[in-house]
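Worth saying up front: this structure is predicted, and the values here are computed from it rather than measured. In what follows, chains are A, B, ... by sequence order, proteins preceding strands, each numbered from 1.
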Amino acid sequence: MTEGGRWIGAPVPRKEDEALLTGRARFIDDMEPVPGIRHAALLRSPHAHAEILSIDVSKAASHLGVYGVLTGADIAAATRPIPSAVRVPIDYYPMAVGKVRYAGEPVALVAAGDRYVAEDALDLIEVEYRPLPPVIDVKAATRDDSPLLHEAVGSNVVHHRTFRYGDPDKAFEEADRVVRLDWTFPRYSSTPMETYGAVAQFEPAPDRYTIWSNFQGPFILHALMCGALEVPGNRLRLITAPQSGGSFGIKQGIFPYLVLLATASRLLGMPLKWIEDRLEHLVASSSASNREDAVEAAFKDDGTLIGLRFFNTVDVGAYIRAPEPASVYRMHSASNGAYGVGNISVDNRLVTTNRLPIGLNRGYGGPQFFFALERAMEAGARALGLDVAEIRRHNFIPKDAFPYRAPAGSLYDAGDYEAGLDKALDLADYAALCAGRDRARKEGRLFGIGMATAVEPSGSNMAYVTLAQTPEERARAGGRSGGLATCTISIDPSGAVTVKTVSTPAGQGHATVAAQIVADALGLTPDDIDVMTEVDTLTSAWSLASGNYANRFSSVVIGAIGEAARRVADKVRAVAAEDLEVAVQDIELADGTARIVGVPERSLPFRRVAARTHWHPAGLPDGMAPGVFETAIVSPPELGPPDDRDRVASAVTFGFICDLAAVEIDPGTGKVEVRKYVSVHDVGNVLNPLIVEGQIVGGFAHGVGGALLEEMVYDADGNPISGTLTDYLCVTASEMPRLTIGHVDTPSPHTALGSKGMGDGCSMLAPVAIANAVADALGREDIDPPFTLNRVWDLAAEGGGAG
Amino acid sequence: MLRIEPGARHRVTVTVNGRLYSGFAEARTLLSDFLRHELKLFGTHVGCEHGVCGACTVNIDGRAVRSCLLFAVQADGAEIGTVEGLATDGVLSPLQEAFRRRHALQCGFCTPGILISATQFLETNPDPTEDEVREMLSGHICRCTGYEGIVRAILDVAGDAS
Ligand code: FES
Ligand code: FES
């Protein structure tokens with residue numbers, strides 16, 4: 001039982017830090033888990049779209065130091081296609097077979113004694129290509145006369161569904177004012193500092209694959225990998241490295257490479273290591289989707305939002321890889337955002353092009369969704385002559401409406417959006433900021449203010465992806481629901497506590513927060529508790545939803561940790577109660593002891609009581625199992641299956657974010673200077689304020705990058721031209737705008753500790769908040785991010801008012 | 001002048017964190033690879049291998065240098081400082097302590113390079129302004145922290161020192 005939450009909520013410095021600060025933490029490229037490892041390098045397609053006429057590997061294979069060369073044909077002969085979440089006739093293998101569909105697609109693999117030699121041998125492989133017309137323009141790709149990526153599909157549109165909630169047509173008929181916006185959302189990527197890496201080993205008799213990697217989950221992909229490798233789950237052992245150098249979702253996309261390396265290890269008969277280099281990462285790992293979207297919003301004259309229509313055209317790249325089309329469905333059941341609007345339609349089209357396949361990326365679908373909704377709110381305010389803050393206040397779900405069932409099925413747990421807005425206006429000194437804008441404009445300067453609000457989903461329902469199927473298809477496929485989290489807490493014969501969270505963090509401090517929770521439950525300190533966060537699918541308790549994504553740690557995983565800790569505490573208290581000859585309810589765990597409530601001098605050391613469960617089973621209370629080894633598996637009851645009207649509770653908690661940006665544009669250079677940025681968050685109860693703040697600032701940096709700098713650029717032929725970090729510009733310390741953070745925290749009734757998931761944060765909102773400010777500064781609505789110097793300079797030179 | 005044939009391996013001897021190390025490198029072996037995979041000093045990280053991210057930064061003869069932009073053979077005989085050498089007898093340096101206190105690291109992948117640069121920077125510039133700290137840091141990419149904690153940590157130590 002917790003002792004008043006002594007550690008939860010405190011700014012406990014991280015357990016992880018000392019090893020990281022002294023260079024002793026171990027990442028995948030630091031690991032040599034088995035002897036005899038050879039090194040793999042990949043030959044990649046120089047063409048966006050081409051037929052492979054022939055591949056001659058003979059010179060490479062006979063190169064000194066080379067142990068083997070494999071091509072797509074070898075891989076296809078040894079595996080099945082990797083299954084997809086969408087039923088389309090696309091055979092996706094982790095290496096090109098017959099045809100390349102994006103520049104950077106793997107074409108051949110060389111295994112050698114070291115990476116240098118492997119790369120030498122890549123130069124000796126001779127591939128004859130017949131270039132095909134590239135499909136790069138997303139809109140053109142949807143037309144009947146477009147060249148096709150996958151002939152068997154008969155179209156580049158690989159998924160199309162429409163949804164209606166309420167009566168959107170009626171709402172648009174009754175509207176006083178309708179705004180419509182069309183835009184292009186750029187493709188960008190969270191580009192963690194550590195790239196993909198893996199060591200794969202195949203062992204025969206019985207056949208078993210073991211792969212060490214920095215894969216981050218979701219482990220639902222384990223099932224797909226097993227499908228491709230044609231093994232049952234217990235023959236594919238995935239082990240994650242102790243530390244992962246950032247992920248933000250991207251390290252989900254390593255999974256096809258795991259299939260590739262596993263297969264290559266089997267075919268070549270040796271363990272193989274592959275560490276992706278930065279050039280590979282920037283052209284061939286994964287990224288968020290670029291989109292060609294439009295939104296229509298129906299307003300009454302008083303600013304009431306009565307209807308929304310979303311038209312989403314998502315470029316998925318060359319293949320639709322699981323868990324896509326999840327990026328367009330993650331926000332779907334919260335399509336009303338923070339507003340009480342009930343009439344919504346959504347049209348989703350997913351299109352293949354000759355770009356890199358998309359996948360998880362920070363905010364996953366959020367930056368694109370909120371770009372639509374929050375640009376529409378702001379354009380609506382301007383069209384109606386209303387204040388951008390007040391139009392939002394007018395439409396917010398009121399604080400007494402929670403828990404709130406959204407039209408498309410999400411169950412919002414708790415919130416006070418108006419308080420969040422007020423806090424943001426207060427921190428920004430909004431009235432003065434507006435006055436400053438007016439003054440600046442009188443002086444002829446380009447100054448703008450933009451806002452954005454978001455609900456932040458956390459702890460995904462694994463079933464939301466099945467919105468990609470019709471209700472009939474779902475019924476045929478069988479039920480899906482839930483989002484399991486697991487945690488194991490054990491106490492060894494010395495009385496020491498170990499927690500296993502299988503949560504594969506990449507810098508989010510899970511070990512620290514888990515130790516805080518368990519310390520409170522057991523009356524210990526976080527230093528007393530060891531935490532392992534990695535997954536080993538052979539020895540850990542894990543499930544489909546295991547891993548680190550969708551902000552799930554502080555909503556779902558903490559539930560499993562808390563439940564396991566409660567069971568351990570109950571057991572230790574029961575043993576102590578017997579020793580001290582009192583009732584269990586009279587025992588509390590505190591200060592490293594089990595003691596009688598109100599009589600602290602009658603106490604036993606925690607360690608000794610716990611250890612006795614191992615040393616003296618016969619002395620335990622009747623019927624008690626020896627040892628302490630508790631595994632809790634929880635799935636939030638809110639996460640039911642989608643209903644037959646396509647409504648689903650897609651996440652456990654919905655935090656709230658309100659951002660306000662003020663920018664000034666230098667018309668001489670096109671530079672967008674962020675003069676002020678305020679962000680107010682509702683993360684429920686804060687578990688560790690240091691970590692929460694770190695996540696908020698980090699998410700902000702990603703959002704700023706997406707708004708101002710970052711874009712994975714392809715030329716008209718499909719050549720990626722942002723393949724180095726000098727071309728793909730990440731935000732550095734000098735470009736980071738100052739961020740003012742505020743909190744309005746409403747505890748979640750859906751989680752064990754009242755916390756909500758967080759982490760995506762401003763990565764979802766900074767692009768649209770800054771876009772809104774840029775639109776305000778330029779006096780036009782037809783603007784597309786990223787707001788790079790060239791683009792903004794052109795817009796400023798054209799003069800305002802085109803919107 | 002030293003001449004090494006392609007594929008031939010050459011003995012390279014360096015002092016790292018005060019201890020003598022010796023290993024073999026080809027002419028083309030990057031210093032970052034030599035430190036990590038030949039000397040097994042995995043604390044130095046590699047984020048780009050094209051000189052932009054700063055993760056691989058080590059101290060060579062008193063200067064912060066990107067080890068992915070040097071060949072190991074060029075460092076023969078050098079005095080090298082890496083992240084493994086910053087703490088003394090298990091006690092974190094003031095900068096390492098400040099990084100922990102200020103939550104200046106999340107995944108920690110960029111951290112070794114930043115610690116090496118910042119330590120060297122503070123030696124030559126003990127009382128920097130925030131802008132100077134940010135300018136120095138702009139030679140490093142951190143994708144996790146948004147730099148805020150890093151800037152605070154460095155300024156903490158600078159403030160204490162002055
Ligand atoms: S690895 Fe050397 S600068 Fe990036
Ligand atoms: S802490 Fe992860 S890149 Fe800096």
Side-chain angles (χ1 to χ4, degrees), chain A residues 11 13-14 16-27 29-31 64-65 114-117 190-195 243-248 275 277-279 505-509 690-691 693-702 704 724-726 730-736 738-739, chain B residues 7 26 28-30 33 36-37 40-53 55 82-87 90 92-93 95-97 99-112 115 131 133-151:
Chain A
R14 300 195 319 164
E16 293 87 342
D17 287 354
E18 188 162 348
L20 292 165
L21 286 164
T22 54
R24 289 197 311 268
R26 285 296 159 256
F27 297 82
D29 191 29
D30 309 337
M31 292 171 68
L64 200 64
D114 70 43
R115 176 67 175 252
Y116 289 76
V117 174
S190 299
T191 53
M193 288 324 300
E194 180 198 36
T195 57
Q243 302 295 333
S244 173
S247 178
F248 321 107
I275 303 294
D277 71 26
R278 181 58 58 184
L279 311 179
Q508 294 86 355
L690 271 183
I691 293 176
E693 173 154 345
Q695 288 300 310
I696 292 173
V697 183
F700 176 58
H702 282 244
V704 168
T724 73
L725 290 178
T726 46
C730 302
V731 175
T732 73
S734 333
E735 289 105 28
M736 264 298 281
R738 300 302 177 274
L739 173 66
Chain B
E26 288 182 41
R28 62 180 176 174
T29 304
L30 300 180
D33 284 338
R36 291 176 48 78
H37 298 296
K40 309 291 179 194
L41 293 166
F42 292 113
T44 300
H45 295 156
V46 168
C48 71
E49 292 181 298
H50 51 259
V52 179
C53 76
T82 69
V83 67
E84 287 97 337
L86 292 178
L92 297 184
S93 74
L95 190 65
Q96 287 171 311
E97 264 305 336
F99 265 57
R100 173 153 72 179
R101 192 170 60 242
R102 289 295 197 165
H103 190 28
L105 63 155
Q106 290 182 23
C107 78
F109 199 80
C110 67
T111 311
L115 283 171
D131 280 350
V133 170
R134 286 185 181 269
E135 180 63 29
M136 178 276 293
L137 275 178
S138 68
H140 291 266
I141 298 174
C142 171
R143 285 302 259 177
C144 297
T145 64
Y147 307 99
E148 196 58 38
I150 302 174
V151 172

### Side chain / backbone / both / neither for T191(A) at chain B, heavy atoms under 4.5 Å
both

### Message
Counting neighbours of CD on E97(B) that are heavy atoms of other residues, nucleotides or ligands and sit closer than 6.0 Å, is the number greater than 12?
### Response
yes

### Task
Side-chain contact test, heavy atoms from C-beta onward, threshold under 4.5 Å: evaluate it for V52(B) versus T724(A) and give yes or no.
no

#### Entry: Nearest atoms (heavy-atom pairs only) where G146(B) meets A701(A)
CA-CB, 3.8 Å

### Task
Indicate yes or no: does R100(B) engage E18(A) in a salt bridge with an N to O separation below 4.0 Å.
yes

### Message
Strictly distance-based, threshold 3.5 Å: is any side-chain N or O of R143(B) a donor or acceptor partner for the main-chain N or O of M193(A)?
### Response
no

### Message
I want to check something: taking the side chain as every heavy atom from C-beta on, are L137(B) and T732(A) in contact at a cut-off of under 4.5 Å?
### Response
no

### Task
Check for a donor-acceptor pair, side chain of Y147(B) on one end and backbone N or O of V731(A) on the other, with a separation under 3.5 Å.
yes

### Query
Would you say the side chain of E16(A) lies within less than 4.5 Å of the side chain of L105(B), judging by non-hydrogen atoms?
no

### Query
Any donor and acceptor pair, going by atom type alone, linking the side chain of H45(B) with main-chain N or O of E194(A) inside 3.5 Å?
no

### Message
With rounding to the nearest 0.5 angstrom, report the CZ to CE distance, F42(B) to M31(A).
### Response
10.5 Å

### Task
Specify the closest pair of heavy atoms between S138(B) and S734(A), including all atoms of both residues, with the distance to one decimal.
CB-OG, 3.1 Å

### Task
Please look at I141(B) and chain A and tell me whether the side chain, the backbone, both or neither of the residue comes under 4.5 angstrom of a heavy atom of that chain.
both

### Query
Which heavy atom in V697(A) sits nearest to a heavy atom in E148(B), and how many Å separate them?
CG1-CB, 3.9 Å

### Query
With distance as the sole test, does R278(A) use its side chain to make a donor-acceptor pair with the main-chain N or O of G47(B) at under 3.5 Å?
yes

## Note on the structure
Rounded to the nearest 0.5 Å, the NE2 atom of H50(B) sits from the OG1 atom of T726(A) at a distance of 5.5 Å

### Query
Side chain, backbone, both or neither: which part of I691(A) has a heavy atom under 4.5 Å from chain B?
both

### Query
Of the non-hydrogen atoms in L21(A) and Q96(B), which two are nearest, and what is the gap between them?
O-NE2, 2.8 Å

### Message
Heavy-atom cut-off 4.5 Å, strictly under: side chain, backbone, both or neither for R14(A) against chain B?
### Response
both

### Query
Can you tell which of S190(A), A19(A), G509(A), S244(A) has the highest number of heavy-atom pairs within less than 4.5 Å of chain B?
S190(A)

### Message
Looking only at heavy atoms and a cut-off of under 4.5 Å, which of C48(B), G7(B), G43(B), A55(B) has the most pairs with chain A?
### Response
C48(B)

### Query
Can you say whether D29(A) sits under 4.5 Å from chain B via the side chain, the backbone, both, or neither, judging by heavy atoms?
both

### Task
Indicate the atoms forming the closest heavy-atom contact of G246(A) with C144(B), along with that distance.
CA-SG, 4.4 Å

### Query
Hey, are the side chains of L30(B) and Y116(A) touching, using non-hydrogen atoms and a 4.5 Å cut-off?
yes

### Structural part of Q695(A) lying under 4.5 Å from a heavy atom of chain B
both

### Task
With a 4.5 angstrom heavy-atom cut-off, could you sort out which part of V704(A) is near chain B: side chain, backbone, both or neither?
neither

### Task
Check whether any side-chain heavy atom of T111(B) sits under 4.5 Å from a side-chain heavy atom of L20(A), and report yes or no.
no

### Query
Do Q106(B) side-chain atoms and G694(A) backbone N/O form a donor-acceptor pair below 3.5 Å?
yes

### Query
Between H140(B), R101(B), K40(B), which residue shows the highest count of heavy-atom pairs closer than 4.5 Å to chain A?
K40(B)

### Segment of T29(B) engaging chain A (4.5 angstrom heavy-atom cut-off)
both

### Query
Relative to chain B, which segment of R115(A) carries a heavy atom at a distance below 4.5 Å: side chain, backbone, both, or neither?
neither

#### Entry: Sub-4.5 Å side-chain heavy-atom contact between E49(B) and T195(A)
no

